[in-house]
Amino acid sequence: MKISKMVSDIPASPTLSITAKVGALKAQGQDVIGFSAGEPDFDTPEHIKEAAIKALRQGKTKYTPAGGTIELKEAICSRTRNDYKLDVGPDNVIISCGAKHSLFNLCLTIFEPGDEVICICPYWVSYPPIIKIAGATPVIIDTTTTDFRLYADQVKEAITKRTKGIIINSPSNPTGMMYGKDELEKIAEICLENDITIISDDIYQKLVFDGASFFSIAALSPEVAEKTFIIHGVSKTYAMTGWRIGYCIGNPEAIKAMTRLQSQSTSNPTSIAQEASMAALTSDQSLAEAMRKTFEGRRNIMVSKLKEIPGLDIIEPDGTFYCFPSIKGLMDRFDGANTFANFLLDNALVAVVPGEGFGSKEHIRVSFATSEDNIIKGLERIKQALT
Ligand code: PMP
Ligand code: GLU
């Protein structure tokens, strides 16, 4: 069968394929420890599931408006007004089948062939493929040499007359790094000067540690907010990855165009999942906070144990549930992260995501969205396999 050139060029999402591989090995009875998951290991809180069951019983099983229900849009606006101090209404919102889908719709709507879009490396695996599907070209800023810090000068240097957008993801998947307000201010100024659209992927907003407060570039000023699209969703905060609800907030004209695109592809996101997401956003947030606290405790264990493994070098993540240690000290034994990840799976029965998909062959991503016992056992196995 002839596969189109565009689709032939798309790699499968490595995070999803490795996690699927771990599932298959476990199903065969192998005692694999998975550090590859990009999702909370907790179950969705009971009251959110109850809201979905109630919706089912009430017959909320029909199509909804293509861009999502007005009720969920209102709930998203109210949350955004509260968290970002931004004056947004339902016309600023589209609800999609996950944040990935919102980002996909957005890139197809605002970028086209000839455009360049800046991505910060290490980047989330799906950014470059989505930009390419839109026909645009990803331009990469490397922060592996600046301890994952992003400086405005790097952005300045990456800009050409073709630059149309930049994707900021803070805290970042895979590094866990949060960018400071001062640097974001400078970056926003550069974007305004050069008419560059900012995409702020804030999906890990609620997963920040050490009492730090989250800050989004979108919240800097009304002028910056006008040039910014926020990508967000319920997957990570509420352990709802399988429900597939994400959203985008931004310029109403673009949101309308994205809704048109969505109406010709998936139609609305699942009606029942939208009801559940409303419960997630509008109810007591203490369960989400409890999950965040647990992640923080696990982060502390993982970082201290990673530091004990010779050859690995770790920058402590500010948020998310990922560490992204450097394996530079092991490059005399392994020619890259792919080889190292295969070695770990074969010799330690531990699954990690090699850095290549995030733009670095000298790093691996280890997720602490797993139990403390697994973290301790898995890292001990890695240590043993390397000695
Ligand atoms: N952005 C980032 C940085 C992510 O890590 C993820 C994880 N899946 C997403 C977007 C998409 O999340 P979802 O589609 O599950 O809402
Ligand atoms: N975003 C998560 C990850 O990075 C989930 C998998 C995916 O959507 O790529 O692992």
Side-chain angles (χ1 to χ4, degrees), residues 10-23 34-41 44 68 72 76 94-107 119-131 148 166-179 199-208 214 216-217 229-249 262 266 269-270 273-274 276-277 280-281 295 317-324 341 351-360 363-370:
I10 302 174
S13 163
T15 47
L16 291 180
S17 20
I18 291 160
T19 306
K21 194 168 163 186
V22 173
F35 288 150
S36 56
E39 61 182 343
D41 49 321
T44 305
L72 181 54
I76 290 165
I94 179 172
I95 302 154
S96 313
C97 310
K100 191 188 276 183
H101 185 216
S102 274
L103 180 69
F104 187 92
N105 286 335
L106 175 62
C107 289
C119 295
I120 291 106
C121 168
Y123 42 74
W124 179 43
V125 293
S126 291
Y127 295 153
I130 292 177
I131 291 166
F148 305 145
I166 180 168
I167 306 183
I168 306 271
N169 174 217
S170 171
S172 142
N173 176 5
T175 66
M177 188 60 61
M178 274 214 289
Y179 305 129
I199 301 177
S200 188
D201 182 345
D202 296 352
I203 191 113
Y204 295 99
Q205 176 200 4
K206 298 289 177 185
L207 292 176
V208 302
F214 167 85
S216 172
I217 194 165
F229 289 88
I230 298 168
I231 297 288
H232 216 313
V234 294
S235 284
K236 317 288 173 174
T237 315
Y238 303 103
M240 290 181 71
T241 46
W243 298 76
R244 308 309 303 131
I245 295 291
Y247 49 90
C248 176
I249 300 166
Q262 185 160 294
T266 57
T270 310
Q274 289 189 69
S277 301
L281 290 171
F295 284 130
D318 303 314
T320 72
F321 31 69
Y322 311 110
C323 286
F324 201 59
V352 301
V353 187
E356 278 86 348
F358 304 95
S360 168
H363 293 81
I364 53 169
R365 192 186 77 176
V366 255
S367 156
F368 44 92
T370 187

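Counting starts at 1 for both ligands and their atoms, following the listed order. Any value given below was found using the heavy atoms of this structure, including those in side chains, with hydrogens, waters and symmetry copies removed.
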Suppose I only count heavy atoms of [X] and a 4.0 Å limit; which atoms of ligand 2 are within that range?
{"X": "Lys236", "value": "1 (N), 2 (C), 5 (C)"}
{"X": "Ser13", "value": "9 (O)"}
{"X": "Lys100", "value": "7 (C), 8 (O), 9 (O)"}
{"X": "Leu16", "value": "6 (C), 7 (C)"}
{"X": "Asn173", "value": "1 (N), 3 (C), 4 (O)"}

Inset, instruction - Taking the side chain as every heavy atom from C-beta outward, state whether Phe229 and Ser200 have any atom pair closer than 4.5 Å. - result: no
Legend entry - Student check: side-chain heavy atoms of Tyr238 and Ser277 closer than 4.5 Å: no
Inset, instruction - For atom 10 (O) of ligand 2, find the nearest protein heavy atom and state the residue, atom name and distance (0.1 Å precision). - result: Arg365 NH2, 2.8 Å
Legend entry - atom 5 (C) of ligand 2: the protein heavy-atom neighbour that sits closest, reported with distance to 0.1 Å: Gly38 O, 3.7 Å
Legend entry - Distance-only N or O hit between ligand 2 and Thr15, under 3.5 Å: yes
Inset, instruction - Take Phe321 and Phe295 through the ring-ring contact (aromatic ring centres under 6.0 Å, His included) test and state the conclusion after the steps. - result: CA-CA 6 Å; Phe321 31 69; Phe295 284 130; 5.0 Å; yes
Inset, instruction - Indicate whether any N or O donor in one side chain lies under 3.5 Å from an N or O acceptor in the other, for Thr44 and Trp243. - result: yes
Inset, instruction - Ignoring hydrogens and angles, state whether a donor on the side chain of Asn173 or Tyr123 is under 3.5 Å from an acceptor on the partner side chain. - result: no
Legend entry - Contact partition for Tyr322 relative to ligand 2, non-hydrogen atoms under 4.0 Å: side chain
Inset, instruction - For Gln262, check side chain to side chain donor-acceptor pair (under 3.5 Å) against everything at least two apart and list the hits. - result: Ser96, Asn105
Legend entry - Near-ring test Phe148/His363, centroid separation under 6.0 angstrom: yes
Inset, instruction - With Tyr322 as reference, evaluate Tyr204, Trp124, Phe35, Phe358 under the ring-ring contact (aromatic ring centres under 6.0 Å, His included) test and give the passing residue. - result: Tyr204
Inset, instruction - Would you please classify the geometry between the Tyr247 ring and the His232 ring as parallel, tilted or perpendicular, with 30° and 60° separating the classes? - result: parallel
Legend entry - Test item: Lys236 side-chain N/O and Gly38 main-chain N/O as donor-acceptor pair under 3.5 Å: yes
Legend entry - Pocket residues of ligand 1, ordered first by chain and then by residue number (heavy-atom cut-off under 4.0 Å): Gly98, Ala99, Lys100, Trp124, Tyr127, Asn169, Asn173, Asp201, Ile203, Tyr204, Ser235, Lys236, Arg244
